[in-house]
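When reading the values below, keep in mind they use all heavy atoms of this one structure, side chains included, and skip hydrogens, waters and symmetry mates. Position 1 is the first residue of the sequence, and the numbers go up from there.
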Amino acid sequence: MERATNVDAVAVQCGSGKEELQAMLFSVPEQTWWLIAAAVTVMFMITLVALPPKPDEVPEAARAKFEQLRRNGKWAAYVAAPVLYAVVGLTALLRPEPAAVVLFLYSVGIGSMPIALLPMRRRMYRHYFAQLQNPGGKVTMDRLSAVWIYSFLTLVILASTALVSAATYEPRGL
């Protein structure tokens, strides 16, 4: 009888921890998740404005080619981004479960992009400008930038997936 009481006590402790995590993570009302997603979207769009190099940062030899490429693709991000946001919003509205999970994952994904890109911005552009000046050369990515971006985004994906899994799914016994 003593053993059954201990097992029940452990089950209650595990269950209450899950409930606490779910209460903490998704206790925010759904309207607040929509506001958080909108704020993260605005932050991301501001980052799109801040990310390109200033004209004085572009080497003279690559300036003409860079301006031509920038003019051609300038509005692509500003047109494609709202389409992506609309798809995520519709997905959140059409899914049978609460929209908080989709909006949380969206906010984490879009919010982590500036953190991944901005610290490596100058290194990436320096490498990019070197490739523009050598048009026939092999296109490669700066190793430090690649390691930072891939590592950071992988960590974000794993952490957000673990949080959602821990907050929404019941643990199964072995």
Could you go through the side-chain contact (heavy atoms from CB on, under 4.5 Å) check for Met124 and Leu117 one step at a time?
CA-CA 9 Å; Met124 291 187 313; Leu117 294 176; 4.1 Å; yes
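Partners of Arg126 by salt bridge (Lys or Arg N to Asp or Glu O under 4.0 Å), not counting sequence neighbours: none found. The side-chain hydrogen bond (donor to acceptor under 3.5 Å, both in side chains) check on Ser145 picks up Asp142, with sequence neighbours excluded. Here Phe44 pairs with nothing under the ring pair (Phe, Tyr, Trp, His ring centres under 6.0 Å) rule; sequence neighbours left out. Among residues two or more places apart in sequence or in another chain, the side chain to side chain contact (heavy atoms under 4.5 Å, CB included) test is passed with Ala159 by none. Applying the side chain to side chain contact (heavy atoms under 4.5 Å, CB included) criterion to Ser151, with sequence neighbours excluded, gives Val147. For Leu118, the side chain to side chain contact (heavy atoms under 4.5 Å, CB included) partners at least two apart in sequence or on another chain are Thr47, Leu51, Pro114, Arg121.
The minimum heavy-atom distance between Ala37 and Leu103, with the atom names listed, is CB-CD2, 4.1 Å. Closest heavy-atom contact between Gly111 and Val40: N-CG1, 3.4 Å. Minimum interatomic distance between Ala116 and Ile149 (heavy atoms only, all atoms of both residues): O-CG1, 3.6 Å.
If you chain together hydrophobic residues whose side chains sit under 4.5 Å apart, Leu35 and Leu105 never meet in one group. Grouping the Ile, Leu, Val, Met, Phe, Trp and Tyr side chains by contacts below 4.5 angstrom, directly or via other members, places Ile115 with Met45. In this structure, Leu93 is a member of the same hydrophobic cluster as Val88, with clusters built from ILVMFWY side-chain heavy atoms closer than 4.5 Å.
Using a 4.5 Å heavy-atom cutoff, the side chains of Ile110 and Leu84 are in contact. Between Leu153 and Met113, the closest side-chain pair of non-hydrogen atoms falls below 4.5 Å.
Judged by distance alone, the side chain of Trp33 and the main-chain N or O of Phe104 form no donor-acceptor pair under 3.5 Å. Distance alone, capped at 3.5 Å, places no donor-acceptor pair between the Thr161 side chain and the Leu158 backbone.
The distance from the CZ atom of Arg143 to the CZ atom of Arg123 is 12.0 Å, given to the nearest 0.5 Å. Atom CE in Met120 sits 11.5 Å away from atom CZ in Phe152 (nearest 0.5 Å). With values rounded to the nearest 0.5 angstrom, Thr91 atom OG1 is found 11.5 Å from Tyr106 atom OH.
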